[in-house]
Amino acid sequence: MAGADRHQENGTLQCPLCAAPAAPLPDRHDDRHAAPGVYAYFECSQCRAAFQVNRLPQGQLAALYTEYYPRSTMAVEGWKPLTAESGPLAWLEGYASVHRYVPPKTRVLDIGCGFGEALGYYRSIGCEAYGYELDENAGRIALAQDLNIRQGSFDPAHWEESFFDVVTLSQVLEHVYEPADLLMGIRKVLRPGGLLILSTPNAAGLGAALWGKKWIHWHAPYHVCLYTPKALRGVLEQCGFAGRSVRTITPSAWMQYQLLHCIYYPKLGEKSLFWDVRAQGSKTLSQKICGKAVSWAYKARVIHVTARLLDGFGVGDNLLCIAEARK
């Protein structure tokens, strides 16, 4: 298991967040895009974070994103910047994107910016916006839309200290092997009092317990560290941040995706008929019937109400955190 030695002491694997002993979980595989390999995960005995131990080299990981992630099939012509929805419908949908919490006319860094839709939104509200993305496909949109996107991993040495007012991590922290290193690097480039706004799956939510290996946020090999609220607060505190809030706000669409993921769950080594447009095969009659039932439940807002109830009890699938860089 390459990369695991850093967190071993006396033969016991330690949590990369709090250094407590960790126990093995069942192995996971790519149940969306069928990237090769089986991946070992452990769970911390204290903060309950789950993390992957057989790490891929940086170049190989970047190649996986570029080859298997769906952005490789996305057309530049269909690109649109994000918008900031508000009102009762936005609440019902569970819109939890971090871009909605970024103040206008600030200097923003979006790490893991994907196809740059959030950068387009930041530009529309008068922000000076920059991004990092591991997937090489982002280069196409950066050129076409004149976006400031650097291909590769975030490096604080590229920037002056305290250069940014806001740093965003939208569904990114779970992709990082060494979150403390990333967060301390962010702290260097974020001005005192500046904001770190992030979202990440909730490993302590009801979904993780209910769906087991079919929980959509295992998403091996891309998700390498999955957080509980306790784990997230702890690592932020270690790295120089004061948490303003950590709460669950789960997009209603995620619950729909979870149900469809289970309906179309592929065999080992096969692409998902739900997640991957390049998958081969036909849907069975039972899959079609169940899929239509899920679609009805979504249109009837049954799924939406369920998602809001889970968030109300703090057991939703998505953590939204706003933290402040300590002075």
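Sequence positions, counted from 1, serve as the residue numbers for this chain. No experiment lies behind these values; they were computed from the predicted model shown.
K80 has no carboxylate O lying under 4.0 Å from a charged side-chain N of E117, or vice versa, which leaves the two without a salt bridge. Under the 4.0 Å criterion applied to side-chain N and carboxylate O atoms, R187 and E161 are not assigned as salt-bridge partners.
Among all heavy-atom pairs drawn from L196 and F241, the shortest one is CB-CE2, 3.8 Å. Taking both residues in full, the closest heavy atoms of I322 and I197 are given as CG1-CG2, 4.2 Å, listed atom of the first, atom of the second, then distance. What you find for S86 and R100 is that their closest heavy atoms are CA-NH2, 4.1 Å. Minimum interatomic distance between V98 and S170 (heavy atoms only, all atoms of both residues): CG2-CB, 3.6 Å. Contact detail for Q258 and I216: the closest heavy-atom pair is OE1-N, 3.1 Å. The two residues P251 and N318 make their nearest non-hydrogen contact at CD-CB, 4.2 Å.
In the hydrophobic clustering of this structure, W91 does not group with L320; members are Ile, Leu, Val, Met, Phe, Trp, Tyr whose side-chain heavy atoms approach within less than 4.5 Å, directly or through other members. I249 and Y121 fall within the same hydrophobic cluster, where Ile, Leu, Val, Met, Phe, Trp and Tyr residues are linked whenever their side-chain heavy atoms come under 4.5 Å apart, directly or through other members. There is a path of hydrophobic side-chain contacts, each under 4.5 Å, that joins L210 to I303. Transitive grouping of hydrophobic side chains (ILVMFWY, heavy atoms separated by less than 4.5 Å) keeps L182 and M184 in distinct clusters. Cluster annotation: Y95 and L319 are assigned to distinct hydrophobic clusters (Ile/Leu/Val/Met/Phe/Trp/Tyr, side-chain heavy-atom contacts under 4.5 Å, transitive).
Counting heavy atoms from C-beta outward, L134 and S153 have side chains that approach closer than 4.5 Å. Using a 4.5 Å cut-off on side-chain heavy atoms (C-beta onward), D30 and P221 make contact. A heavy-atom distance below 4.5 Å is found between the side chains of F274 and Y257. Counting heavy atoms from C-beta on, the side chains of W159 and K188 never come closer than 4.5 Å. Here the side chains of L109 and F154 are in contact, with some heavy-atom distance below 4.5 Å. With contacts defined as side-chain heavy-atom distances shorter than 4.5 Å, the pair Y132/H158 qualifies. Contact annotation: the side chain of V167 approaches that of I111 to within less than 4.5 Å [non-hydrogen atoms, C-beta and beyond]. Within the 4.5 Å cutoff, the side chain of V189 has no heavy atoms near those of the E160 side chain.
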Identify all side-chain donor-acceptor contacts of residues 230-239 below 3.5 Å with residues at least two apart in sequence or on another chain.
unit_1	atom_1	unit_2	atom_2	d
E237	OE1	R326	NH1	3.4
E237	OE2	R326	NH1	3.3
Q238	NE2	L17	O	2.9

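In this structure, the side chain to side chain contact (heavy atoms under 4.5 Å, CB included) partners of R191, at least two apart in sequence or on a different chain, are S162, D165. With sequence neighbours excluded, no residue satisfies side chain to side chain donor-acceptor pair (under 3.5 Å) with Q256.
Looking only at distances, no side-chain donor or acceptor of D110 sits under 3.5 Å from a matching main-chain atom of G131. Checking side-chain atoms of S295 against main-chain N and O of K292 turns up no donor-acceptor pair under 3.5 Å. Checked by atom type and distance alone, the side chain of T250 pairs as donor or acceptor with a backbone atom of D317 at under 3.5 Å. Remark: the backbone N or O of R107 is not paired with any side-chain donor or acceptor of E128 at under 3.5 angstrom. A side-chain donor-acceptor contact under 3.5 Å links H175 to the backbone of Y222. The backbone N or O of V38 sits less than 3.5 Å from a side-chain atom of N54, completing a donor-acceptor pair.
Within the model, atoms OG1 of T248 and CG of L310 stand 8.0 Å from one another, a figure rounded to the nearest 0.5 Å. Distance check, rounded to the nearest 0.5 Å: CG of L195 to SG of C321 gives 10.5 Å. Here the CG-CG distance, from L173 to L183, works out to 5.5 Å after rounding to the nearest 0.5 Å. The CG atom of L25 sits 8.5 Å away from the CZ atom of F42 when rounded to the nearest 0.5 Å. Summarising the geometry, atom CG belonging to D31 is positioned 12.0 Å from atom CH2 belonging to W215; distances are rounded to the nearest 0.5 Å. Note that NE2 of H223 and OH of Y41 are 8.5 Å apart. Values are rounded to the nearest 0.5 Å.
Y298 OH: more than 12 foreign heavy atoms inside a 6.0 Å radius.
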Assess the residue pair S199 and Q171 against the criterion (side-chain hydrogen bond (donor to acceptor under 3.5 Å, both in side chains)); give the C-alpha distance rounded to whole Å, side-chain angles, the decisive distance to 0.1 Å, and a yes or no.
CA-CA 5 Å; S199 62; Q171 304 300 311; 2.8 Å; yes
What's the verdict on side-chain hydrogen bond (donor to acceptor under 3.5 Å, both in side chains) for H33 and W275, showing C-alpha distance, side-chain angles and the deciding distance?
CA-CA 7 Å; H33 310 296; W275 292 104; over 6 Å; no
